[in-house]
Amino acid sequence: MPSNRVMAIETSVEILESLGDLETAGVTELADAVDGSKGNIYKHLKTLEAADFVRERNGRYELGHRFLEFATEAKWNRRIYRVSRHPIAQLANNTGTTATLVVPEGVDGVYLHTASQSEKGVMKPIEGRRAPLDELTTGLAILSQYGPERRREVLLDLRSTEEAATEFEARLDRIQQRGIAVQSEDSEVAAMAAPITVDDGRPVGAIGLWQRESDDGNKRVESDFEKLVRNAAATVSNRLSLSD
């Protein structure tokens, strides 16, 4: 383990991640999940419980609600979240589906906000969920706006070879020219996404749209939806260019 990392904290993080996956678990299950001793895992759980990060019910543990406090602060501290809430709500309302805001964090895209008007046909994403940028439609919209050096740097992290990165760059060039990324078979389920940029052209996020199953193949609806997504992203970009 690198000297600048603390193993005890890493264990606590692994416990929390395991609880997120399992929803509820006992000490033995968690010890198996993180490959630790039951005695050590129990001490971690009691420390986390004292800080309200986990809670115990009948010998089983689950994530505590204190995480909501941190999540709310993390979102509200991002100006892109504050200025995009209304445009995203309007987009979801006008299309009858789910609209999302994804922001880049390293080579990942993170769902920062969602708004949904759809009751079926699409899966509502979980805010805070993350995935590599090249696996998300919104991530492709973000990647397409990076300058050549930054784009190459990220792609070399995400792709195994120079050849694979170069091939993927051609796809991003097409998205950049079109101004919108449209779902492909190997992407996440967002049907389309448009980038959010600031004054220097740097992408700071993307707005994505889940399309209803009943609209699949309807070119007029697809065209209308693409326009709405572009407009929402442009609105947020413009608001970000204004001073607080």
Side-chain angles (χ1 to χ4, degrees), residues 1-86 88-89 92-93 97-133 135-136 138-139 188-190 204-208 210:
M1 183 187 69
S3 60
N4 62 342
R5 294 168 65 177
V6 180
M7 184 176 293
I9 294 177
E10 288 189 339
T11 300
S12 289
V13 171
E14 289 178 359
I15 290 171
L16 295 172
E17 290 176 339
S18 296
L19 285 176
D21 292 334
L22 298 170
E23 295 186 8
T24 176
V27 175
T28 300
E29 291 172 86
L30 289 169
D32 291 340
V34 306
D35 194 23
S37 70
K38 289 193 289 185
N40 188 44
I41 299 306
Y42 180 78
K43 291 178 181 178
H44 278 274
L45 286 167
K46 287 304 175 183
T47 301
L48 291 167
E49 184 181 18
D52 296 321
F53 289 119
V54 304
R55 57 176 178 246
E56 183 265 338
R57 293 182 179 180
N58 301 318
R60 297 186 68 80
Y61 293 85
E62 60 189 15
L63 295 178
H65 288 150
R66 191 175 182 194
F67 283 104
L68 293 174
E69 174 187 346
F70 288 91
T72 301
E73 289 293 335
K75 289 174 62 173
W76 190 255
N77 288 341
R78 296 293 303 272
R79 186 165 180 248
I80 190 173
Y81 164 71
R82 300 196 302 271
V83 303
S84 67
R85 287 181 304 152
H86 183 60
I88 288 176
N93 185 61
T97 182
T98 299
T100 67
L101 169 66
V102 170
V103 295
E105 191 169 88
V107 297
D108 289 340
V110 181
Y111 288 98
L112 193 64
H113 183 55
T114 65
S116 182
Q117 292 294 322
S118 178
E119 296 181 355
K120 61 181 180 179
V122 293
M123 176 188 69
K124 184 175 182 179
I126 301 172
E127 294 179 355
R129 176 184 171 199
R130 64 176 58 232
L133 287 167
E135 294 180 9
L136 301 169
T138 41
E188 273 283 342
V189 295
V204 293
I207 289 180
W210 263 251

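Inter-residue side-chain proximity for Glu23 and Glu62 is flagged as unmet; no heavy-atom pair is nearer than 4.5 Å. Inter-residue side-chain proximity for Phe67 and Leu16 is flagged as met; some heavy-atom pair is nearer than 4.5 Å.
Across Arg78, Glu127, Arg82, a single residue satisfies side chain to side chain contact (heavy atoms under 4.5 Å, CB included) together with His113, and that is Glu127. For the side chain to side chain contact (heavy atoms under 4.5 Å, CB included) with Thr100, the lone residue among Ile88, Leu136, Leu112, Thr114 that qualifies is Thr114.
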- Which is it for Asp108 and Arg130 under the salt bridge (Lys or Arg N to Asp or Glu O under 4.0 Å) test, yes or no, and what are the steps along the way? CA-CA 6 Å; Asp108 289 340; Arg130 64 176 58 232; 3.4 Å; yes
(Q) Run the side-chain contact (heavy atoms from CB on, under 4.5 Å) test on Thr47 and Phe53 for me, step by step, so that the C-alpha distance in whole Å, both residues' side-chain angles and the decisive distance to 0.1 Å come before the verdict. (A) CA-CA 9 Å; Thr47 301; Phe53 289 119; over 6 Å; no
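For the atom pair CD1 of Ile207 and CG of Leu101, the computed distance is 6.5 Å after rounding to the nearest 0.5 Å. Considering CG of Leu48 and CG of Leu63, their distance stands at 9.5 Å, rounded to 0.5 Å. Atom CZ of Arg55 is separated from atom CZ of Arg66 by 14.0 Å, given to the nearest 0.5 angstrom. We find the OG1-CG distance between Thr24 and Leu19 to be 7.5 Å, quoted to the nearest 0.5 Å.
Of the possible donor and acceptor atoms, one in the side chain of Asn77 sits under 3.5 Å from a partner among the backbone N and O of Glu73. In this structure, the side chain of Arg129 does not engage the main chain of Tyr111 through any donor-acceptor pair within 3.5 Å.
In this structure, Arg85 satisfies the cation-pi test against Tyr81, with its NZ or CZ atom closer than 6.0 Å to the six-membered ring centre and inside 45 degrees of the ring normal.
Nearest heavy atoms, Ala131 versus Glu135: CB-OE1, 4.5 Å. Across every non-hydrogen atom of Ala89 and Ala115, the tightest pair is CA-CB, 4.0 Å.
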Compile the donor-acceptor pairs under 3.5 Å between side chains in residues 30-44 and protein atoms, sequence neighbours left out, one pair per line.
residue, atom, partner, partner atom, Å
Ser37, OG, Asn40, N, 3.2
His44, ND1, Ser12, OG, 2.8

